[in-house]
Structure formats: C-alpha cells, structure tokens
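Side chains are part of it too, since the values below use all heavy atoms of this structure and drop only hydrogens, waters and symmetry mates. Computed from a prediction, not measured in an experiment: that's the story for all the values here.
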Protein chains: 2
Amino acid sequence: MVARCSVDYVGRLTAHLPEATRVIMVKADGSVLIHSDGGSYKPLNWMSPPCTTRIVSSDAEETVEVWTVENKAGEQLVISVHEVLHSGEHELGVDPGLVKDGVEAHLQRLLAMHVHVLGEGWSLVRREYPTAIGPVDLLCRDPYGRSVAVEIKRRGEIDGVEQLTRYLELLNRDPLLAPVAGVFAAQEIKPQARVLAEDRGIRCVVLDYEALKGSDDPGLRLF
Amino acid sequence: MVARCSVDYVGRLTAHLPEATRVIMVKADGSVLIHSDGGSYKPLNWMSPPCTTRIVSSDAEETVEVWTVENKAGEQLVISVHEVLHSGEHELGVDPGLVKDGVEAHLQRLLAMHVHVLGEGWSLVRREYPTAIGPVDLLCRDPYGRSVAVEIKRRGEIDGVEQLTRYLELLNRDPLLAPVAGVFAAQEIKPQARVLAEDRGIRCVVLDYEALKGSDDPGLRLF
DNA sequence: CGATTGATTTCGGAC
DNA sequence: GTCCGAAGTCAATCG
C-alpha cells in the first residue's frame with residue numbers, strides 16, 4: 001500500500017513518524033514494514049513476526065483507518081492512515097532462499113586446507129578446537145611442535161583480539177598444550193586491532209580470499 | 001513491482017536467488033530491495049545507494065528484461081525478470097524522519113541524574129569522563145570518596161564487560177584516581193556477561209528504564 | 001575521511 | 001528455547 005500516514009511505535013523504545021507519504025508492506029507472516037523513498041534497506045519503522053494486525057475504520061476528519069500491529073511481547077505499532085494512494089495484494093508463495101559464498105566459514109575451511117601459508121612446516125591439529133568458553137577456529141603446530149591458536153575473521157577488529165586473548169589464557173592453563181602462541185588472521189585488520197594484538201604478542205596475518213580459493217599455489221600476502 | 005525473477009549478487013560476497021515470485025522495490029535514491037513474503041524487515045537481496053540501474057529488454061525465451069544495478073565499488077546486483085505480475089510508480093516526497101526515545105544516551109542521562117540508585121551517598125564526577133582509549137560513561141564517587149567507573153548498556157553483553165575492563169585498567173594507572181572500582185549497568189545483563197564481570201570484581205546493576213524516567217523515587221531493581 | 005559504537009539490530013547455528 | 005557470534009551488517013558520531 002502507498003499511503004499518507006503517521007506512525008507510532010511503543011515497545012523496546014518509543015518512536016514517532018510524522019505524517020508523510022510512505023510505502024506500507026504487509027508480508028504473509030503478518031510482519032509490517034514502513035518504507036520511505038530513500039535510506040537503505042532498513043524501514044523507518046516495522047513490526048517483526050509473529051504479530052497480528054487489527055484494522056479499525058476511523059470516522060475522524062483526517063484519518064481513514066487505524067492499524068494496530070501487536071506482537072506477543074505487547075509491543076505496538078500504530079499506523080494512522082490519512083489517505084490511500086495505492087493498494088494491492090499478491091500471493092508470492094514460499095521462497096527457495098539465498099545461496100551465499102565467501103563468508104567466515106569458507107575462510108576457515110580454506111585456511112585449514114592451507115595452514116602452511118601461516119608458516120613453513122606448520123600442521124593442523126584440528127578445526128573448532130573445543131575449550132570451556134567455546135571453540136577456537138584452528139589449533140595448529142609449528143615445526144618445533146609448539147601449539148598455535150588461530151582466530152579467523154573476515155574483518156579483524158578489537159573484539160576478535162579479545163576473543164582470541166580469552167582462548168589463549170584458557171589454553172595456556174593446559175600443561176599439555178602450553179605455551180600456546182596466537183595468530184589473528186583476517187581479510188582486513190583494523191589498525192587498532194593490530195596494535196592491541198601485537199601489544200599482546202599475537203601475530204597478525206592478512207588473508208587473500210581469492211588466492212586461497214583459487215589455487216594450490218596461493219599468492220598469500222603476509223605482512 | 002511484483003515479479004517472478006532470479007537474482008545474482010556479486011560484490012563483497014557472491015549470492016544467488018533461484019527463480020521465485022518476489023517484490024522488487026526501487027527507491028528515489030536508486031537503491032533496490034528484493035523482498036520475499038516472509039522473514040523480517042531485511043530483504044533477501046539489495047543494493048544500497050548510491051547506485052545506478054540499467055534495464056535491458058531480453059529476447060530470451062524465459063526472460064522479459066534484465067536489470068543490472070551497480071554501485072561505485074563495482075558491486076553488482078543482476079535481476080532477471082521472467083514475468084511481471086504488477087508494476088507501479090509513486091512519488092513519495094521527502095520524509096520528516098523518525099523521532100526516538102529510550103536509547104542508551106537517554107539511559108546515561110537518566111542515571112547521571114540519579115546516581116544515588118547505585119548506592120547511598122554516591123555522587124557524579126562527570127559523564128563521558130575522557131581516557132586515552134575513549135570516554136567512560138560515568139565516573140562517580142562513593143561516600144568514602146573512592147572512584148567508580150560506570151559502563152551503561154541497554155543490553156549488557158561480554159564486549160561491554162571487556163570495554164569496562166580496559167577503562168578500569170587505564171584509570172587505575174592514574175595515582176590521583178586509583179583505586180577505581182567498576183559498575184556494569186544495563187536494562188538486561190546476559191548470564192555470560194554477569195559471570196565475567198563478577199569474576200573480575202565488577203558489580204552488575206540491572207536498570208529499570210521506566211522507573212528511572214517516571215519518578216524521583218525510582219523503584220530501582222538491584223540484584 | 002577513517003575509526004568507533006549502537007541497533008526496536010537480524011540471522012543462523014549450537015547446546 | 002536460549003545463548004552466542006557473524007553480518008554484503010547499517011548508520012551516527014567523533015577525531
């Protein structure tokens with residue numbers, strides 16, 4: 001529907017949209033999206049499913065109908081429709097969904113197959129090495145048999161370094177593994193993350209996804 | 001537009017949508033959104049502005065037209081339209097935008113006005129107390145004149161505890177302030193965050209936004 | 001312009 | 001069902 005409307009949301013926060021012309025989309029699962037003619041993919045206001053909509057005709061001067069969308073938690077989206085410019089309904093059916101490539105899991109799998117790019121003679125102990133606070137992406141051994149924990153990110157930021165630090169602290173309590181060194185590997189490493197990592201003795205490695213993917217002779221960039 | 005279509009995205013990742021009926025929305029700024037009849041407000045696929053769309057009529061058997069949406073970075077969204085079920089265009093005009101209430105800045109302001117809810121006889125030194133790695137939300141003093149750094153979140157999670165820990169480490173190097181205690185205040189504190197905080201001697205406080213907002217006699221819940 | 005941080009984040013996976 | 005980490009995160013703020 002395209003309509004002149006004003007909207008109020010009361011739930012996790014309180015928000016108000018003054019009167020303007022907008023697109024109101026209602027999906028098969030009951031969710032409601034209110035879009036303006038700009039911005040990115042995020043609606044100005046919305047209600048996530050599951051939720052139910054109650055529509056009441058209004059006899060007020062300036063309002064045609066009032067939609068009240070509510071979910072189980074009692075959050076409410078109240079849409080005052082002042083003028084309907086277009087309205088339509090379409091049956092879409094179930095969507096087969098999106099197929100992705102290039103995310104962290106792929107990076108992890110690729111690097112696991114090519115741990116030698118981290119250093120000459122390195123070997124993989126295992127992927128998703130378990131610890132009490134969660135699995136380490138890769139556990140490796142260098143040629144001298146020393147353990148190295150590897151944390152892989154698409155974009156390396158401070159919280160990734162913190163995560164690896166917590167793993168290292170835990171792993172180093174294990175006398176069978178200690179001492180365990182750390183490697184922070186990512187397609188891109190933010191300066192502050194690099195500073196923090198190196199301050200803690202963690203080596204930073206920038207990964208080239210296309211090179212890892214494309215060949216058994218990866219032209220990996222090591223900085 | 002409502003259309004049977006298939007979509008390919010090549011950019012920061014590679015993604016493919018098999019043929020299905022979907023809603024294609026083009027905004028005034030050129031951005032394109034492809035929605036299915038479910039999920040939440042996030043489209044299945046999209047292109048953010050600024051970007052340009054080139055539409056080419058197709059003489060292929062099963063395709064009416066092919067849309068190529070491209071941005072400055074060279075990321076491409078290619079939409080093969082197989083059948084158009086509905087098409088329409090509407091001028092919406094500029095949107096006055098959303099007015100919000102209830103976010104972290106409000107929490108910080110409210111707690112700053114009512115630091116006594118953290119403890120009898122506490123006082124505020126200042127909001128946004130500056131440190132080398134960024135401002136601490138609140139710096140307070142308890143009745144004995146000891147410094148307390150307060151980190152405020154809407155939802156308290158592990159990274160918030162890490163953030164406060166870094167501040168405390170820095171603040172405790174300042175002989176004029178040390179020793180500095182820590183308080184982690186949030187409307188909701190996740191169990192893992194609470195465990196980590198208390199392990200580090202940081203006190204956790206659950207805030208009641210409505211009570212803080214509603215009265216000078218806040219019925220604050222302290223756990 | 002990059003870096004940091006919050007978001008009604010949403011989304012998916014594991015336990 | 002809950003918790004936790006990733007996201008084509010996006011978007012605002014600040015240096």
For nucleotides 11-15 of chain D, print each protein N/O atom paired with a nucleotide N/O atom at under 3.5 Å, atom names and distance only.
{"residue": "D/dA11", "atom": "OP1", "partner": "A/S40", "partner atom": "N", "Å": "3.2"}
{"residue": "D/dA11", "atom": "OP1", "partner": "A/S40", "partner atom": "OG", "Å": "2.1"}

Original post:
Residues two or more places apart in sequence or in another chain: which of them pass side-chain hydrogen bond (donor to acceptor under 3.5 Å, both in side chains) with B/E128?
Top reply: B/Q108
Subject >> Distance in angstrom units between A/E188 CD and C/dA3 C1', rounded >> reply: 11 Å
Expected list for residues 16-35 of chain B: side-chain donor-acceptor pairs under 3.5 angstrom, two or more places apart:
{"residue": "B/H16", "atom": "ND1", "partner": "B/V7", "partner atom": "O", "Å": "3.4"}
{"residue": "B/H16", "atom": "ND1", "partner": "B/D8", "partner atom": "OD1", "Å": "2.8"}
{"residue": "B/H16", "atom": "ND1", "partner": "B/D8", "partner atom": "OD2", "Å": "3.3"}
{"residue": "B/E19", "atom": "OE2", "partner": "B/R4", "partner atom": "NH1", "Å": "2.2"}
{"residue": "B/R22", "atom": "NE", "partner": "A/D95", "partner atom": "OD2", "Å": "2.6"}
{"residue": "B/R22", "atom": "NH1", "partner": "B/C5", "partner atom": "O", "Å": "2.9"}
{"residue": "B/R22", "atom": "NH1", "partner": "B/P18", "partner atom": "O", "Å": "3.0"}
{"residue": "B/R22", "atom": "NH2", "partner": "A/D95", "partner atom": "OD1", "Å": "3.0"}
{"residue": "B/R22", "atom": "NH2", "partner": "A/D95", "partner atom": "OD2", "Å": "3.3"}
{"residue": "B/R22", "atom": "NH2", "partner": "B/P18", "partner atom": "O", "Å": "2.7"}
{"residue": "B/K27", "atom": "NZ", "partner": "A/H35", "partner atom": "ND1", "Å": "3.0"}
{"residue": "B/K27", "atom": "NZ", "partner": "A/S36", "partner atom": "O", "Å": "3.4"}
{"residue": "B/K27", "atom": "NZ", "partner": "A/G38", "partner atom": "O", "Å": "2.9"}
{"residue": "B/K27", "atom": "NZ", "partner": "A/S40", "partner atom": "O", "Å": "3.1"}
{"residue": "B/D29", "atom": "OD1", "partner": "B/S31", "partner atom": "N", "Å": "3.1"}
{"residue": "B/D29", "atom": "OD1", "partner": "B/S31", "partner atom": "OG", "Å": "2.7"}
{"residue": "B/D29", "atom": "OD2", "partner": "A/G39", "partner atom": "N", "Å": "3.2"}
{"residue": "B/H35", "atom": "ND1", "partner": "A/K27", "partner atom": "NZ", "Å": "3.0"}

Original post:
Sequence neighbours excluded, which residues qualify as salt bridge (Lys or Arg N to Asp or Glu O under 4.0 Å) partners of A/R141?
Top reply: none
**OP:** For A/R166 and for A/K100, locate the closest nucleotide of DNA chain D by heavy-atom distance; then report the residue assigned to the nucleotide nearer the 5' terminus.
**Re:** A/R166
**OP:** Side chain of B/W46 only, please: which of C/dT8, D/dC10, C/dT5 is the nearest?
**Re:** D/dC10
Original post:
Among D/dC3, D/dG8, C/dT8, which nucleotide sits nearest the side chain of A/L13?
Top reply: C/dT8
**OP:** Return the set of residues passing side chain to side chain contact (heavy atoms under 4.5 Å, CB included) with B/N172 (not counting sequence neighbours), or none when no residue passes.
**Re:** B/L168, B/A178, B/P179, B/V180
**OP:** Measure from the side-chain heavy atoms of A/R12 and tell me the nearest of D/dA6, C/dT10, D/dG8.
**Re:** C/dT10
Subject >> Partner residues of B/E198 under the salt bridge (Lys or Arg N to Asp or Glu O under 4.0 Å) criterion, sequence neighbours left out >> reply: B/R194
Original post:
Hey, are A/E162 and A/R166 close enough for a salt bridge, meaning a charged N less than 4.0 Å from a carboxylate O?
Top reply: no
**OP:** Please state the P separation for the pair D/dG8 and C/dT5 - nearest whole angstrom.
**Re:** 22 Å
Original post:
Which nucleotide, C/dA7, D/dG5, D/dG8, lies nearest any side-chain atom of A/Q163?
Top reply: D/dG5
Subject >> Comparing B/E157 and A/R155 on DNA chain C - which has the more 5′ nearest nucleotide >> reply: A/R155
**OP:** Remember a base hit wins even if backbone is also touched, and classify A/D159 as base, sugar-phosphate or nothing at under 4.0 Å, heavy atoms.
**Re:** nothing
**OP:** For nucleotides C/dT8 and D/dC14, find the distance between their C1' atoms and express it as a whole number of Å.
**Re:** 25 Å
Subject >> By side chain to side chain contact (heavy atoms under 4.5 Å, CB included) - contacts of B/S80 (at least two apart) >> reply: B/S6, B/T63, B/V66, B/H82
**OP:** Could you list by number each residue of residues 21-37 of chain A showing a heavy-atom separation from DNA chain C of less than 4.0 Å, or answer none if no residue does?
**Re:** none
**OP:** Sort and list the pairs that fulfil ring-ring contact (aromatic ring centres under 6.0 Å, His included) and have at least one residue in residues 185-206 of chain A, not counting sequence neighbours.
**Re:** none
**OP:** Tell me which nucleotide among C/dT8, C/dT5, D/dA6 gets nearest to the side chain of B/L98.
**Re:** C/dT8
Subject >> Dot-bracket line, read 5' to 3' along DNA chain C, where crossing pairs take [ ] and | marks a partner on another strand, Watson-Crick or G-U under 3.5 Å >> reply: |||||||.|||||||
Subject >> Residues in side-chain hydrogen bond (donor to acceptor under 3.5 Å, both in side chains) contact with B/E75, at least two apart in sequence or another chain >> reply: B/Y9, B/R12, B/N71
**OP:** Search all heavy atoms of A/V115 against all heavy atoms of A/L124 and return the closest pair with its distance.
**Re:** CG2-N, 3.9 Å
Original post:
B/E188: what forms a side-chain hydrogen bond (donor to acceptor under 3.5 Å, both in side chains) with it, not counting sequence neighbours?
Top reply: none
**OP:** Look at A/K153 and D/dA6 and indicate whether a side-chain polar atom (N or O) is within less than 4.0 Å of OP1 or OP2.
**Re:** yes
Subject >> Closest-nucleotide ordering on DNA chain C, the 5'-leading residue of A/K190 and B/E104 >> reply: A/K190
**OP:** Return the minimal non-hydrogen interatomic distance between B/D101 and A/L13, and the atom names on each side.
**Re:** O-CB, 3.0 Å
